[in-house]
Amino acid sequence: MPELPEVETIRLGLKKAIVGKTIAGVDVRVPKLFHGDKKSIIGKKVLDVGRRAKQIIIDVEGDNDLLIHLKMTGQLIYRPKQESGVASHGQIAGGHPSKDWTAVLPNGTTHIIFDFSDGSKLFFNDLRKFGWIKIFEAKELKHKLTEELGVEPFDKEFTTDELAKIISKKSNWNIKKILTDQTLISGIGNIYADESLFWAGILPTRIAKTIKYDEVLRLHTSIIKALQIGLKYGGSSENTYYKIDGAKGQAQEHFQVYAQEGKKCKRCGGVIQKIKLNGRGTHFCPGCQK
DNA sequence: CTATCTGTTCTGAC
DNA sequence: TGTCAGAACAGATA
């Protein structure tokens, strides 16, 4: 799924696009991806768009809010009224099926469509159908999100000491597993875990209890750095991620290790390696990371 | 064609 | 209780 920088990029775009608009209808094409009674949000105005971990929260007038998880391949694409159908950025190659899943909407991966009263639409696409949209009672949602998720990396309470405390709680885990566990720290996934560990000079396989305090210090700075790079370039479109206008992010052009296996390390010139760790592809530089 | 990969997370088996 | 493979699903890639 999109990770924190991608979801945050979507949130910012969405906030600009839909706050103040009234939800006129919801077309649920794949019922298992939509939980709750859509009638409870129809006719209501969107008040705000938030984020917690890798999830989007749409704050709707009244008692109910929407929670959206994009998982691996979910997309939220917004189209103003004038150009519903064809992307402003993309051409449709004559006769060829487009690999760009946002060029024509709705398409075969479009499972839920929100209609706003001004004629604009929000398309929820998901190739693999892992993502979902759920309606929650607002209080219950707030409780659930604080209960189940770890500290936000951009929060002021995410300090070096806090990170040290988190690491000490899972002394036998490898450090990458700690970074990607949403109940400990929220928002970091496979890409930004690898990138953070590169910037920190720490191997992803390192066991928590072997990590010294000066390394925790570097890791804390590096997590924020990796996520900020992601955010600055509008997220990474290595796979199926698009911004809400259908444009790609550029963060993948700034990766140091993720998807760089076999290439030369930009810092030391060594060859980037790829292994499997915790069941996931894991990238690192043997020269820079110890 | 077959095997393995993919930005996630939950469940069930041991 | 902790860990891990497999599941949910669909496609790209070698």
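Chain letters run A, B, ... following the sequence lines, proteins first and then strands; every chain starts at 1.
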OP1, OP2 of [N] versus side-chain N and O of [X]: anything below 4.0 Å?
{"X": "A/Lys276", "N": "B/dT4", "answer": "no"}
{"X": "A/His69", "N": "B/dT8", "answer": "no"}
{"X": "A/Arg280", "N": "B/dT8", "answer": "yes"}
{"X": "A/Lys129", "N": "B/dT8", "answer": "no"}
{"X": "A/Lys177", "N": "C/dT3", "answer": "no"}
{"X": "A/Trp132", "N": "C/dA8", "answer": "no"}
{"X": "A/Lys54", "N": "B/dT9", "answer": "yes"}

Exercise. On the 0 to 90° scale, with breaks at 30° and 60°, tag the A/Tyr233-A/His254 ring pair as parallel, tilted or perpendicular.
Key: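 Ring orientation, 0 to 90° scale: parallel.
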Exercise. Can you label the angle between the A/Tyr78 ring and the A/Phe116 ring as parallel, tilted or perpendicular, going by 30° and 60°?
Key: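 Geometry flag for A/Phe116 against A/Tyr78: tilted rings.
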Quiz item: Between NE2 of A/His35 and CZ of A/Phe136, what distance do you get to the nearest 0.5 Å?
Solution: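 Rounded to the nearest 0.5 Å, the NE2-CZ separation comes to 9.0 Å.
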Quiz item: At what distance, to the nearest 0.5 angstrom, does CD1 of A/Ile211 lie from CZ of A/Arg218?
Solution: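 Going from the CD1 atom of A/Ile211 to the CZ atom of A/Arg218 covers 10.0 Å.
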Quiz item: Does one side chain, of A/Glu6 or A/Ser236, offer a donor that lies under 3.5 Å from an acceptor on the other?
Solution: yes
Using atom [atom1] of each nucleotide, how far apart are [N] and [M] to the nearest Å?
{"N": "B/dA3", "M": "C/dA7", "atom1": "P", "answer": "15 Å"}
{"N": "C/dG6", "M": "B/dT4", "atom1": "C1'", "answer": "15 Å"}
{"N": "B/dC5", "M": "C/dA5", "atom1": "P", "answer": "13 Å"}
{"N": "C/dC9", "M": "B/dG12", "atom1": "P", "answer": "15 Å"}

Practice problem: Please determine, for C/dC9, whether a Watson-Crick or G-U wobble partner exists with both distances under 3.5 Å, and give it or none. | Solution: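 Result: none.
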Atom [atom1] of [X] to atom [atom2] of [N]: distance rounded to whole Å?
{"X": "A/Leu145", "N": "B/dT9", "atom1": "CG", "atom2": "P", "result": "13 Å"}
{"X": "A/Asp126", "N": "B/dT6", "atom1": "CG", "atom2": "P", "result": "18 Å"}
{"X": "A/Leu184", "N": "C/dG2", "atom1": "CG", "atom2": "P", "result": "12 Å"}
{"X": "A/Leu127", "N": "C/dA10", "atom1": "CG", "atom2": "C1'", "result": "5 Å"}
{"X": "A/Glu261", "N": "B/dT4", "atom1": "CD", "atom2": "P", "result": "17 Å"}
{"X": "A/Asn172", "N": "C/dG2", "atom1": "CG", "atom2": "C1'", "result": "11 Å"}
{"X": "A/Gln260", "N": "B/dT6", "atom1": "CD", "atom2": "P", "result": "14 Å"}
{"X": "A/Lys169", "N": "C/dT1", "atom1": "NZ", "atom2": "P", "result": "17 Å"}

Quick one, [X] and [Y] - any side-chain contact, counting heavy atoms below 4.5 Å?
{"X": "A/Ile185", "Y": "A/Leu179", "answer": "yes"}
{"X": "A/Tyr192", "Y": "A/Leu4", "answer": "no"}
{"X": "A/Ile229", "Y": "A/Trp199", "answer": "yes"}

Using a heavy-atom cut-off of 4.0 Å across all strands, would you classify [X] as base, sugar-phosphate, or nothing?
{"X": "A/Gly279", "value": "nothing"}
{"X": "A/Ser236", "value": "base"}
{"X": "A/Thr180", "value": "nothing"}
{"X": "A/Lys170", "value": "nothing"}

Exercise. Select one nucleotide: of B/dT9, C/dC9, B/dT6, the one nearest the side-chain heavy atoms of A/Lys32.
Key: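 For A/Lys32, the side-chain atoms sit closest to C/dC9.
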Quiz item: What nucleotide among B/dT8, C/dC9, B/dC5 has an atom nearest to a side-chain atom of A/Met72?
Solution: B/dT8
Self-check item: Steps toward side chain to side chain donor-acceptor pair (under 3.5 Å) verdict (A/Ser120, A/Arg79)
Solution: CA-CA 6 Å; A/Ser120 62; A/Arg79 291 278 189 265; over 6 Å; no
Quiz item: Tell me, which of residues 187-196 of chain A have any heavy atom that sits under 4.0 Å from an atom in DNA chain B?
Solution: A/Gly189, A/Asn190, A/Ile191
